[in-house]
2 protein chains.
Amino acid sequence: MNMPTFRNWRSVQEEVRRRIHSRKWAPGDLIPNEADLAIEFGCARSTVNRALRSLADSGVLDRKRKAGTRVAAEPVAKATLDIAVIRHEVEEHGAKYGYLLIKRSQTTPPVSVSGAMKTRASEALLHVQALHLSDDTPYAVEDRWINTNVVPEAKLESFEKLSANEWLMKHAPYTHGDIGFSAVQATAEHAEMLNVSQGSALFAIDRLTWDSSASVTMVRLLFTPGYQLRTAL
Amino acid sequence: MNMPTFRNWRSVQEEVRRRIHSRKWAPGDLIPNEADLAIEFGCARSTVNRALRSLADSGVLDRKRKAGTRVAAEPVAKATLDIAVIRHEVEEHGAKYGYLLIKRSQTTPPVSVSGAMKTRASEALLHVQALHLSDDTPYAVEDRWINTNVVPEAKLESFEKLSANEWLMKHAPYTHGDIGFSAVQATAEHAEMLNVSQGSALFAIDRLTWDSSASVTMVRLLFTPGYQLRTAL
DNA sequence: AATGTTTTTATGTACGTACATAATAGCCTG
DNA sequence: CAGGCTATTATGTACGTACATAAAAACATT
């Protein structure tokens with residue numbers, strides 16, 4: 001049958017995708033092993049490996065040693081979101097970015113915060129509230145707590161011109177963290193800051209980052225109604 | 001100085017992360033080239049390549065041919081969300097999954113739908129509305145349009161027991177798509193279905209998938225208040 | 001100084017061999 | 001037959017060489 005040869009891992013990947021899409025290899029099916037595919041495709045096993053590994057990363061294939069490679073029965077859609085600095089996000093929309101510091105104080109946080117950040121309840125943290133603007137209209141409110149034990153330099157920064165969002169990126173390295181997305185109703189204060197009616201549905205991003213075992217910062221971003229976070233599948 | 005040798009790509013990756021974290025290589029800095037690092041680490045260049053490529057994929061490094069590799073100045077946080085089948089999501093919470101078909105009809109969609117799906121405005125599509133339950137309480141409403149030109153078998157499926165969410169996964173392959181996350185206020189109907197008060201903030205996932213140049217399905221999922229989509233960074 | 005051409009360089013990838021490792025399947029033993 | 005040991009097998013990874021390719025840098029030309 002004289003198959004065309006696939007000389008690079010991308011073409012191998014494409015061919016595998018084609019076979020899955022055409023149902024030649026149906027969801028749940030075991031596909032031939034790397035060595036056999038290498039022979040069939042006329043390339044090295046390492047090339048096949050690269051292609052299949054990449055497909056496994058994106059959730060299309062399930063691979064297990066000895067058990068072999070099979071087409072994912074229920075392809076979990078993996079959506080990779082790029083959470084950029086807000087200024088970039090605004091500027092990419094072709095709008096003018098603006099920033100406004102609302103509040104900056106060193107106080108003891110509510111227990112919900114000290115609990116999540118695993119700081120002592122009596123410990124004062126730096127609390128920064130700010131507004132991000134797009135073409136002079138409110139875009140998002142930022143409500144942030146900074147662990148000044150971990151980032152003492154933050155105490156010297158006013159955050160009047162530069163947002164904590166950006167300052168921390170440069171000055172506070174973190175090892176890991178987590179992020180959550182949800183919908184919340186605008187409180188009276190938030191509604192006023194964003195210039196929307198109270199109770200509006202706001203898109204919320206909550207982020208908590210850690211440096212080893214110590215929390216660095218915890219932030220909630222609330223976006224004006226209409227905001228949508230999107231990505232390709 | 002006799003550095004320990006790094007014999008595998010993961011340890012190389014860790015060492016690179018350490019150097020970035022310790023600011024030995026600061027954001028924006030150009031780091032040594034692969035060949036030099038290979039000598040320093042006592043491993044093959046391909047091993048260094050694997051480690052650096054992986055870090056570039058996760059946004060920690062920026063690489064460009066000839067220009068070299070530099071530490072990302074503004075590490076765009078890449079959050080990878082796994083969008084599972086709703087039944088799985090519910091069951092993983094340890095709850096009992098339930099499903100309820102609300103409406104199923106073949107009608108001409110509003111122009112907003114035919115426009116997005118690039119079907120002729122006069123073309124009838126299959127409209128399916130359903131409710132997903134967790135321990136017998138509403139969890140999410142699904143509002144879906146299916147392009148029956150692309151998936152004619154859907155016309156034969158009642159969707160009374162099996163959700164369109166799962167049926168399509170098995171029967172309607174797609175080549176690409178996009179997904180968006182937002183916050184919306186509950187309309188009167190949605191509020192009733194989800195048993196929440198009108199105007200509540202609901203988390204929305206909108207998805208549109210394509211098979212080559214034809215749209216397969218467009219769906220909006222609205223989750224009950226309190227829902228949060230989360231992932232590690 | 002503006003423009004086009006060539007060289008250089010760092011990353012990107014293919015290949016084939018070798019060995020590591022996880023997980024299954026088969027075997028053995030009490 | 002249960003329980004544990006062993007062999008088998010498919011993926012995972014390391015290595016070194018070779019060549020491809022993008023992009024910057026250097027150079028030449030007008």
Side-chain angles (χ1 to χ4, degrees), chain A residues 3-17 19-20 24-73 75-76 78, chain B residues 3-17 19-20 24-73 75-76 78:
Chain A
M3 282 285 291
T5 55
F6 299 93
R7 350 193 129 278
N8 61 55
W9 73 272
R10 283 185 183 282
S11 67
V12 169
Q13 196 189 51
E14 263 175 54
E15 175 62 13
V16 172
R17 285 205 128 105
R19 292 184 184 191
I20 292 170
K24 175 173 180 173
W25 293 339
D29 279 7
L30 194 65
I31 77 172
N33 69 44
E34 293 186 346
D36 290 348
L37 286 175
I39 293 166
E40 187 187 340
F41 291 151
C43 66
R45 180 167 83 92
S46 55
T47 306
V48 174
N49 180 276
R50 182 89 153 80
L52 299 188
R53 179 160 41 84
S54 159
L55 287 169
D57 285 346
S58 49
V60 174
L61 296 175
D62 280 335
R63 321 194 73 195
K64 246 180 16 198
R65 273 177 172 152
K66 159 81 183 174
T69 301
R70 50 184 71 237
V71 180
V76 178
K78 298 207 177 187
Chain B
M3 283 283 293
T5 56
F6 299 92
R7 345 196 126 282
N8 61 56
W9 73 270
R10 283 187 183 282
S11 67
V12 169
Q13 197 188 49
E14 263 175 55
E15 175 62 14
V16 172
R17 286 203 126 104
R19 291 183 184 191
I20 292 171
K24 175 173 180 174
W25 294 339
D29 280 8
L30 193 65
I31 76 172
N33 69 43
E34 292 186 347
D36 291 348
L37 286 176
I39 293 165
E40 186 187 341
F41 290 151
C43 67
R45 179 168 81 95
S46 55
T47 305
V48 174
N49 180 275
R50 182 91 154 80
L52 298 188
R53 180 159 40 85
S54 160
L55 287 169
D57 285 346
S58 48
V60 175
L61 296 175
D62 281 335
R63 320 194 73 197
K64 242 177 20 193
R65 274 178 173 152
K66 160 78 186 176
T69 301
R70 51 184 68 235
V71 179
V76 178
K78 298 208 176 188

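Letters A, B, ... are given to chains in the order of the sequence lines, protein chains preceding strands, and every chain is numbered from 1. Source: prediction; values computed, not measured.
Judged as a side chain to side chain contact (heavy atoms under 4.5 Å, CB included), and not counting sequence neighbours, the contacts of A:Asp29 are A:Ala26. Evaluation of the side chain to side chain contact (heavy atoms under 4.5 Å, CB included) rule for B:Lys66 yields no partner, not counting sequence neighbours. Taking A:Arg65 as the reference, nothing meets the side chain to side chain donor-acceptor pair (under 3.5 Å) condition, with sequence neighbours excluded. Among residues two or more places apart in sequence or in another chain, the side chain to side chain contact (heavy atoms under 4.5 Å, CB included) test is passed with A:Ala44 by A:Ser46, A:Thr47. Annotation: side chain to side chain donor-acceptor pair (under 3.5 Å) contacts of A:Asp36 (sequence neighbours excluded): none. Checked against side chain to side chain donor-acceptor pair (under 3.5 Å), B:Arg7 has the following partners two or more places apart in sequence or in another chain: B:Thr5.
Nearest heavy-atom pair, A:Cys43 versus A:Val12, reported as atom, atom and distance to 0.1 Å: SG-CG2, 4.2 Å. The minimum heavy-atom distance linking B:Pro27 with B:Ala73 is given by the pair CB-O, 3.9 Å. Taking every heavy atom of both residues into account, A:Ala51 and A:Trp9 meet most closely at CB-O, 3.5 Å.
Residue contacts shown for A:Arg7 are limited to sugar-phosphate atoms, with no base heavy atom under 4.0 Å away. As judged by a 4.0 angstrom heavy-atom cut-off over every strand, B:Ser46 is placed among the base-contacting residues.
Near-neighbour residues of DNA chain D inside residues 50-63 of chain A, defined by a heavy atom below 4.0 Å, number-ordered: A:Arg63. Annotation: proximity of residues 26-35 of chain B to DNA chain C (heavy atom, distance under 4.0 Å) is found for B:Asn33, B:Glu34, numbered in ascending order.
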Less than 3.5 Å apart, which donor and acceptor atoms pair up between the side chains of residues 57-64 of chain B and the rest of the protein, not counting sequence neighbours?
unit_1: B:Ser58; atom_1: OG; unit_2: B:Ser54; atom_2: O; d: 3.2
unit_1: B:Ser58; atom_1: OG; unit_2: B:Leu55; atom_2: O; d: 3.2
unit_1: B:Arg63; atom_1: NE; unit_2: B:Thr69; atom_2: OG1; d: 3.0
unit_1: B:Arg63; atom_1: NH1; unit_2: B:Glu34; atom_2: OE2; d: 3.1
unit_1: B:Arg63; atom_1: NH2; unit_2: B:Glu34; atom_2: OE2; d: 2.7
unit_1: B:Arg63; atom_1: NH2; unit_2: B:Thr69; atom_2: OG1; d: 3.3

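Both A:Trp9 and A:Arg65 sit near DNA chain C, but only A:Trp9 has its closest nucleotide nearer the 5' end. Along DNA chain D, the nucleotide nearest to B:Gly42 and the one nearest to B:Ala67 differ in position, and the one closer to the 5' end is contacted by B:Gly42.
Atom CG in B:Leu37 sits 11.0 Å away from atom CG in B:Asn49 (nearest 0.5 Å). Residue B:Arg10 holds its CZ atom at 10.0 Å from CZ of B:Arg17, rounded to the nearest 0.5 Å. Note that CD of A:Glu40 is 8.0 Å distant from CZ of A:Phe6, once rounded to the nearest 0.5 Å.
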Between the protein and nucleotides 5-8 of chain D, list the N/O to N/O atom pairs that are separated by less than 3.5 angstrom.
none

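Think of the region where chain A sits on DNA chain C: with heavy atoms and a 4.0 Å cut, that region ends 5' and 3' at C:dT13 to C:dT24.
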